Amino acid sequence: MRARVEELERLADSDTLTPLPNRRYFVRALSRVLAHVARHDTPAVAMFVDLDGLKTINDRHGHGAGDAALIHVAALLRRHIRVTDVVARIGGDEFGLLLDQLDENDAERKARSLEQLIEKNPLELKGKTLPLTVSIGSTALRADDTTESALARADAKMYGTKRG
């Protein structure tokens, strides 16, 4: 019975497409990081990553290609953050990252390096090369943040990056 409950808990925290945690897990992890930031005054960053043009990929190449693009980006993100950090799929074409021990300047450099990484690693699919880009917004977490305020700030910065 205990093994079944553990399996159900794991499934409840997992994205059904990518091998990543889901938004539910991400929000809980963000709450823990915010508590740590408030108590120990340590730097940490939240990032929103948006896969640009997913609708276009789906329309031109089919939903299977869109799914493959999401899986590809998820794998790239997972491989290029520390094992102690968190990456999760938090929406249709959005990912969230939680990075400990980074200040805002380091976070901006990391965001730009992840954008370049994804741009330099297009999706190879059935003999076609599909270029991919992402827009990333990052925000330093503050002691007085709530999960909602931190997510809203990261989301706003991501949209600012997308427009810029």
Side-chain angles (χ1 to χ4, degrees), residues 13-15 17-58 66-124 129-164:
D13 285 341
S14 298
D15 179 58
L17 178 64
T18 65
L20 297 177
N22 61 18
R23 183 181 191 98
R24 179 177 183 261
Y25 177 91
F26 184 79
V27 170
R28 274 200 330 272
L30 176 57
S31 291
R32 284 191 299 272
V33 171
L34 286 171
H36 194 265
V37 167
R39 181 170 184 176
H40 301 287
D41 194 31
T42 56
V45 171
M47 292 184 180
F48 262 21
V49 180
D50 182 79
L51 175 56
D52 299 326
L54 182 61
K55 182 180 180 340
T56 302
I57 292 170
N58 285 334
D67 289 351
L70 289 165
I71 292 166
H72 181 69
V73 169
L76 288 170
L77 292 172
R78 177 73 259 158
R79 284 197 307 263
H80 289 89
I81 64 167
R82 298 166 296 193
V83 70
T84 55
D85 292 331
V86 174
V87 59
R89 182 169 173 220
I90 57 174
D93 60 356
E94 290 184 337
F95 300 88
L97 283 76
L98 296 174
L99 308 171
D100 281 328
Q101 301 300 319
L102 285 182
D103 63 24
E104 201 130 22
N105 292 329
D106 291 335
E108 284 300 315
R109 282 191 291 277
K110 182 64 174 180
R112 301 302 74 87
S113 75
L114 289 171
E115 288 172 344
Q116 291 170 3
L117 169 77
I118 291 165
E119 191 171 347
K120 290 178 182 177
N121 288 277
L123 175 63
E124 300 296 333
T129 300
L130 299 179
L132 300 174
T133 60
V134 295
S135 299
I136 301 177
S138 65
T139 188
L141 299 176
R142 302 186 293 232
D144 63 342
D145 269 329
T146 63
T147 56
E148 293 82 12
S149 67
L151 291 174
R153 214 168 43 252
D155 193 41
K157 288 198 173 186
M158 183 270 300
Y159 280 108
T161 301
K162 188 178 277 292
R163 284 189 300 271

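In what follows, residues are counted from 1 in the order of the sequence shown. Treat the numbers as computed from the prediction; the structure is a model and nothing was measured.
- In this structure, the separation between OG on Ser31 and CG on Asp145 is 11.0 Å, given to the nearest 0.5 Å.
- Counting only heavy atoms from C-beta outward, the side chains of Leu102 and Arg82 approach each other to under 4.5 Å.
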Verdict with reasoning, Leu114 to Val49, per side chain to side chain contact (heavy atoms under 4.5 Å, CB included): CA-CA 9 Å; Leu114 289 171; Val49 180; 5.6 Å; no
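- When atom types are taken as modelled, the side chain of Asp13 and the backbone of Arg24 share no donor-acceptor pair closer than 3.5 angstrom.
- Remark: Arg23 pairs with Val27, Ile90, Leu151 by the side chain to side chain contact (heavy atoms under 4.5 Å, CB included) rule, at least two apart or across chains.
- The nearest pair of heavy atoms linking Val37 to Ala143 is CG1-N, 4.0 Å.
- Between Asp155 and Met158 there is a side-chain heavy-atom pair separated by less than 4.5 Å.
- Annotation: ring-ring contact (aromatic ring centres under 6.0 Å, His included) contacts of His80 (sequence neighbours excluded): none.
- From Asp52, atom CG reaches atom OG1 of Thr133 across 3.5 Å, with rounding to the nearest 0.5 Å.
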Audit row: Asp100, Asp85, side chain to side chain contact (heavy atoms under 4.5 Å, CB included) steps and yes/no: CA-CA 7 Å; Asp100 281 328; Asp85 292 331; 4.2 Å; yes
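- Counting only heavy atoms from C-beta outward, the side chains of Leu141 and Val33 approach each other to under 4.5 Å.
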Derivation of the side chain to side chain contact (heavy atoms under 4.5 Å, CB included) call for Ser138 and Lys157: CA-CA 6 Å; Ser138 65; Lys157 288 198 173 186; 5.5 Å; no
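- For the residue pair Val45 and Asp103, the shortest heavy atom distance occurs at CG2-O, 3.9 Å.
- Annotation: the span from Leu132 atom CG to Leu76 atom CG amounts to 8.5 Å, rounded to 0.5 Å.
- Distance alone, capped at 3.5 Å, places no donor-acceptor pair between the Asp106 side chain and the Arg109 backbone.
- Scanning for side chain to side chain contact (heavy atoms under 4.5 Å, CB included) contacts around Thr129 gives Pro122, Glu124, with sequence neighbours left out.
- Remark: Asn22 CG to Leu17 CG distance equals 12.5 Å, nearest 0.5 Å.
- A heavy-atom distance below 4.5 Å is not found between the side chains of Ile136 and Lys110.
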Audit row: Val73, Leu123, side chain to side chain contact (heavy atoms under 4.5 Å, CB included) steps and yes/no: CA-CA 9 Å; Val73 169; Leu123 175 63; over 6 Å; no
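- Counting non-hydrogen atoms of other residues, nucleotides and ligands closer than 6.0 Å to CG of Asp144 gives a total above 12.
- To the nearest 0.5 Å, atoms CG (Leu51) and NE2 (His72) are separated by 10.0 Å.
- More than 12 heavy atoms of other shown residues, nucleotides or ligands fall within 6.0 angstrom of atom CD in Glu104.
- Scanning both residues, Val134 and Glu115, for their nearest heavy atoms gives O-CG, 3.6 Å.
- Side-chain contact between Arg32 and Leu98 is absent, with no heavy-atom pair separated by less than 4.5 Å.
- Counting heavy atoms from C-beta on, the side chains of Val86 and Leu30 never come closer than 4.5 Å.
- In this structure, the separation between CZ on Arg79 and CG on Asn121 is 7.5 Å, given to the nearest 0.5 Å.
- Using a 4.5 Å heavy-atom threshold, the side chains of Thr161 and Arg112 count as touching.
- Atom NZ of Lys55 has 12 or fewer neighbouring heavy atoms from other residues, nucleotides or ligands inside a 6.0 Å radius.
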Worked check of side chain to side chain donor-acceptor pair (under 3.5 Å) between Ser135 and Asp50: CA-CA 5 Å; Ser135 299; Asp50 182 79; 5.3 Å; no
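- Side-chain contact between Phe95 and Leu70 is present, with heavy atoms from C-beta onward closer than 4.5 Å.
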